[in-house]
Amino acid sequence: MKSFIRKLIAVLAMFCVLGLNTVPLVAFAQDKPAAGAKADDKAPAKEEKKEEAKPAPTPNKGDTAWMLTSTALVLAMSVPALALFYGGLVRSKNMLSMLMQVFVTFSLVVVLWCIYGYSLAFTEGNAYFGGFDRLFLNGTFDSMKGDFAMAATFSKNTPLYELVFVAFQATFAAITCCLILGAVAERMKFSAVLIFMVLWFTFSYAPVAHMVWFWMGPDAYTDPKVVDAMNAKAGLIWQWGALDFAGGTVVHINSGVAGLVGAYLVGKRIGYGKEAMSPHNLTMTMLGASLLWFGWFGFNAGSALEANGSAALAFMNTFLATACAVLSWMFGEWLFKGKPSMLGAASGCVAGLVAITPAAGNVGIPGAFVIGTAAGLVCLWGVNQLKRWLHADDALDVFGIHAVGGALGALLTGVFNAQSLGGPGLVTDWVTGKVGSNPIWDQFLVQAQGVGMTIVWTAVVAFIAFKIADLIVGLRPAEEVEREGLDIGEHGETAYHM
């Protein structure tokens, strides 16, 4: 037995010696020839390590679910929220006309967006317009392979299904066009509305969206050497460094200024300033404003493109700023007019939503307090004193709330984005993802530059578009049709049967 154990130990020792001497030599031979070997000596063949290709990142299911939900929320902002808000503000004889214009304009723009609008806004082209790579949404889905194209978000390796992004942005384009209708309510031909919308959407909304929001995405910034080239491919206002989280310039200034131009060119309503033109159903207007507030969480928080901290910040800022604006408008009206009104509270709600839009994910909680409170007071001034100075029949105060509120929010974004004022700052280096803050005055000037560019662009396009519609079909219905009401005169139906 002892002899067997001694032999077993000897065998094990031999294997241990062989193992200790051979394994390191094999590993060494894989790296370089043994000492003293000539160049033509045959060393053990090096085994090439095949690096496994990393699978392409796929969209996060939570992000996808959030963006689909946000898209549905923004849809609800137009149909029915904006339609009800505007519908309650007009006279009863024009109720269906208002609903019809919003409903059909929204549908028209969604179709145009899928044909060419998305491509003009969100594909590579020049500093003003995108290209034609996505006409009819070509390339977003390969039906033979079942592959979906991806869109960038604001985080590296975090894509989003491009079709989801297309749908989300379609709702923005559509509601922007619908907002203009409030300025020319109760006196514009339905056919003229459709002609104007096609022209303005094509030559104002799409290029402004491209200038403000198009860039190559974070994954394009792979090395400091490519930064300048990638920046040069972005939209003009993005290149300037202007911040617009969810559409202060693209949506609100764009539509508000176009509405003011329309109010001048279409002219005042018959009897304006002489006859009572009170809202016919403030209950409906309040319901519409409430639904707008609800849907706006998708509008602003959805613009983070991910279910992350940025979305949470945008959500809370939207919640808070709107409440502040309701209160500041109400107390301001109470102070200057003697009584707080439901119409004022609903208008303050919309003013707060508008002003916080460009700032939603770009400022901190202190900024939301200031922007919301300022919006209620400034827009209250905008629909009263400023409106009198302008001598325009902006029927539903599109300019006074959307253009004024949008500009206010865009400018204050430049102030409260600073980390020193509680803001999140901005990405200063997309290669590394480094976050910092620009000097407040410098960022404010950049914001002002973006606001000015948007005002000039949309004003010129709106003027031309209204003139073309006027040449083709005329802007206004006959006087007897306007007096009778557009519901009967234009659509042959009435909202209420007495």
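Numbers here are sequence positions counted from 1.
Classification of the F297-F315 ring pair by plane angle, with boundaries at 30° and 60°, yields parallel.
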Let me check something: any side-chain donor-acceptor pairs from residues 66-81 under 3.5 Å, sequence neighbours excluded? List them with distances.
residue : atom : partner : partner atom : Å
T69     : OG1  : A65     : O            : 2.8
S70     : OG   : W66     : O            : 3.0
T71     : OG1  : M67     : O            : 2.8

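Side-chain contact check for F331 versus L335: every heavy-atom pair is 4.5 Å or farther apart.
Under a cut-off of 6.0 angstrom, the local environment of CE in M230 is crowded, with over 12 non-hydrogen atoms contributed by other residues, nucleotides or ligands.
Within the structure, side-chain hydrogen bond (donor to acceptor under 3.5 Å, both in side chains) contacts touching residues 333-342 (residues at least two apart or in different chains) are E333-S341, K337-N384. For residues 462-486, the side-chain hydrogen bond (donor to acceptor under 3.5 Å, both in side chains) pairs, not counting sequence neighbours, are R476-E482, E479-R483. For the ring pair (Phe, Tyr, Trp, His ring centres under 6.0 Å) condition, the pairs that include at least one residue of residues 359-395, sequence neighbours left out, are W381-W389. Identified under the side-chain hydrogen bond (donor to acceptor under 3.5 Å, both in side chains) test for residues 173-188, with sequence neighbours left out: R91-E186, N94-E186, E186-R269. Applying the side-chain hydrogen bond (donor to acceptor under 3.5 Å, both in side chains) test to pairs two or more places apart or on separate chains, none has a residue in residues 403-418.
Legend: residues meeting salt bridge (charged side-chain N to carboxylate O under 4.0 Å, His left out) with E490, ordered by chain and number and at least two apart, are absent. Q239 meets the side chain to side chain contact (heavy atoms under 4.5 Å, CB included) test with A127, A234; sequence neighbours excluded. Taking D63 as the reference, nothing meets the salt bridge (charged side-chain N to carboxylate O under 4.0 Å, His left out) condition, with sequence neighbours excluded. Applying the salt bridge (charged side-chain N to carboxylate O under 4.0 Å, His left out) rule to K233 yields the partners E124; only residues at least two apart in sequence or on another chain are considered. Remark: D394 pairs with no residue by the salt bridge (charged side-chain N to carboxylate O under 4.0 Å, His left out) rule, at least two apart or across chains. Partners of M453 by side chain to side chain contact (heavy atoms under 4.5 Å, CB included), not counting sequence neighbours, listed by chain and number: Y128, M211, L236, I237, W240, W457.
A donor and an acceptor atom, one from each side chain of N300 and T318, are located under 3.5 Å apart. Side chains of T458 and N254: a donor-acceptor N/O pair is present below 3.5 angstrom, by distance only.
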